[in-house]
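Chain letters run A, B, ... following the sequence lines, proteins first and then strands; every chain starts at 1.
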Amino acid sequence: MNELGKDRPSMDMEKLVSLCKRRGFIFQASEIYGGINGFWDYGPLGTELKKNIKDAWWQDMVRNPPPGPDGEEISMVGLDSAIIQNPKVWQASGHATGFQDPMVDCKTEGCKGRFRADQIASNQCPLKPSKCPGEFEKCQITEARAFNLMFETYVGAVKDDAASAWLRPETAQGIFTNFKNVVDSSRVRPPFGIAQIGKAFRNEINPRNYTFRSREFEQMEIEFFCHPDESMKWYQYWRNLRLSWYTKLGIQSEKLRPREQGEKELAHYSKACTDIEYLFPFSDEPQELEGVAHRGAFDLTQHMQHSGKDLQYFDEESWAKFDKTGIKGDKKAEAEAKAKFRYVPHVIEPSAGAGRFTLAVLCEAYSEDKMPDEKGNLQERVVMKFHPRLAPIKAAILPLVNKEGMPELAARLYRELKEEWNVRFDDGGAIGRRYRRQDEVGTPFCFTIDGQSLQDQTVTIRHRDDGKQERLPMSQVAATLRQALRPG
RNA sequence: GCGGGUGUAGCUCAGUGGUAGAGCGCCACGUUGCCAACGUGGCUGUCGUGGGUUCGAGCCCCAUCACCCGCUCCA
């Protein structure tokens, strides 16, 4: 167990899973039919939570990213590409070949091992005195079988090989294939980024750990295109920005770890990669939430080769400023000079898992504490301490009791607030019970209408984390909420 | 993929071959005066699924699916 794992409460996951089911955050997919391994459905509150996460990402990364390394405005645009693409896309990206490993199984009693066919020689057979799988006389090695992690499907009515296609295993390639379209249509020029949120699919051999490794998942990806000379600067920028985004939204920095990949771990084309990892309760080691990768010119170069299309960027701005007096009508000299302003952009790829971050937010938010009951005795409380921006329900509007016009006044406030936010009206049961209900789904604020409200048009605002209350004029409730929910 | 464990109400679980239960929750009515109050009434089950054994199966057997733990895997 590493430093991060010390003194970790051994089990919160079962309680969290149970709460997620009970309160409608996450359900097993096709549950009434016994479920299906590796797939999960998000319930009413989970849908709100994940949507808030995606919206926060879009707002903070695409609509209003912070200034760049030199204080400049960052240019970002969005994209929503198809899940099914021409299969050649996956040939070019390497997924069609590199994404599948031929595996062999050993049927021998006491072994039952599974090995990569190309690594048999370097593997140790579990049965002594054998050295590597297949060498022991009892080894019963099966034929090599391909385990392609891409889901295959068919396009059109006829189910033949020519019609076969794959569900995308990542959203990134849709960005690369549209690089030229975006440049030609959107008046962007490097450095700039294209962002996309969408589903991706991987036929994982062994889904595990609740929603963490799912076969269908949602990615929030940016491909940031820049000049090769500036790529490391941008890599640092995105690495730092992405890390700070998680802490800004309430993840404790002690549970986050930026892990720089070593040279051996890096893909052959990658110059640098940092995994941003979170210490989930189900693991001793932090697990990946996001990878920020410096992919060099690999992807665009691959698509240039496979498609035959020129995806280089020509820097017209610099060319216009270039002193052309030495060229003067010499076509050949001009072409040579121009070549210096033509390049394949390098790519920085911050690739985050929306579902993984949703799970991290749920784990991080789950807490148990004690609140005094009406007699002053401390009672156990379960509270989801979501950041207000991410909370599925922003506020509850509660009449203290159901008489003397309190419900009517509360309903009026409710109708005003729901024009802007997901808020709830609740008049069921005692006030303490209603507070606890909201605590358990992480509602940051409760506005309570009491007898005094009827006299002077004030309400109490009750804060989720400490239960403290203040009075404020009803006319200031919306402004107060807006302030608490603003980005940044 | 291998080994082990688990599967009963929305949740947590009891139920060792003979009439499916408890707590919490949820709903209705009454009550209510700031932190899981109370009273009355009510709701909820293909006992994961499919076979088998048996006069009779939630319970025994087989298969299968799902979840958990440990390996394996994680481009």
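- The gap from the C1' atom of B:G7 to that of B:C13 amounts to 12 Å, rounded to the nearest Å.
- The pair A:Arg433-A:Asp426 does not meet the salt-bridge criterion, since no charged nitrogen lies less than 4.0 angstrom from a carboxylate oxygen.
- Classified by interplanar angle (parallel below 30°, tilted 30° to 60°, perpendicular above 60°), the ring pair A:Tyr278/A:Phe280 is perpendicular.
- A:Arg356 forms a cation-pi arrangement with A:Phe212, by the criterion of a distance under 6.0 Å to the ring centre and an angle within 45° of the ring axis.
- Separating the C1' atom of B:A9 from that of B:C27 is a span of 15 Å, rounded to the nearest Å.
- Between A:Lys21 atom NZ and B:G7 atom C1' the separation is 12 Å, expressed in whole Å.
- Per the geometry, CD belonging to A:Glu31 stands 13 Å off P belonging to B:G48, to the nearest Å.
- Checked for salt-bridge contact, A:Lys21 and A:Glu31 meet the test: a charged N lies under 4.0 Å from a carboxylate O.
- If you take atom P in B:G17 and the same atom in B:G70, they sit 34 Å apart, rounded to whole Å.
- In this structure B:U44 sits in no base pair that meets the Watson-Crick or G-U test at under 3.5 Å.
- Rounded to an integer number of Å, the gap from A:Asp450 CG to B:C35 C1' is 14 Å.
- With rounding to whole Å, A:Glu14 atom CD is found 10 Å from B:U6 atom C1'.
- A:Glu204 places its CD atom 14 Å from the P atom of B:C73, with the value rounded to the nearest Å.
- With C1' as the reference atom, B:C47 and B:G58 are 5 Å apart, rounded to whole Å.
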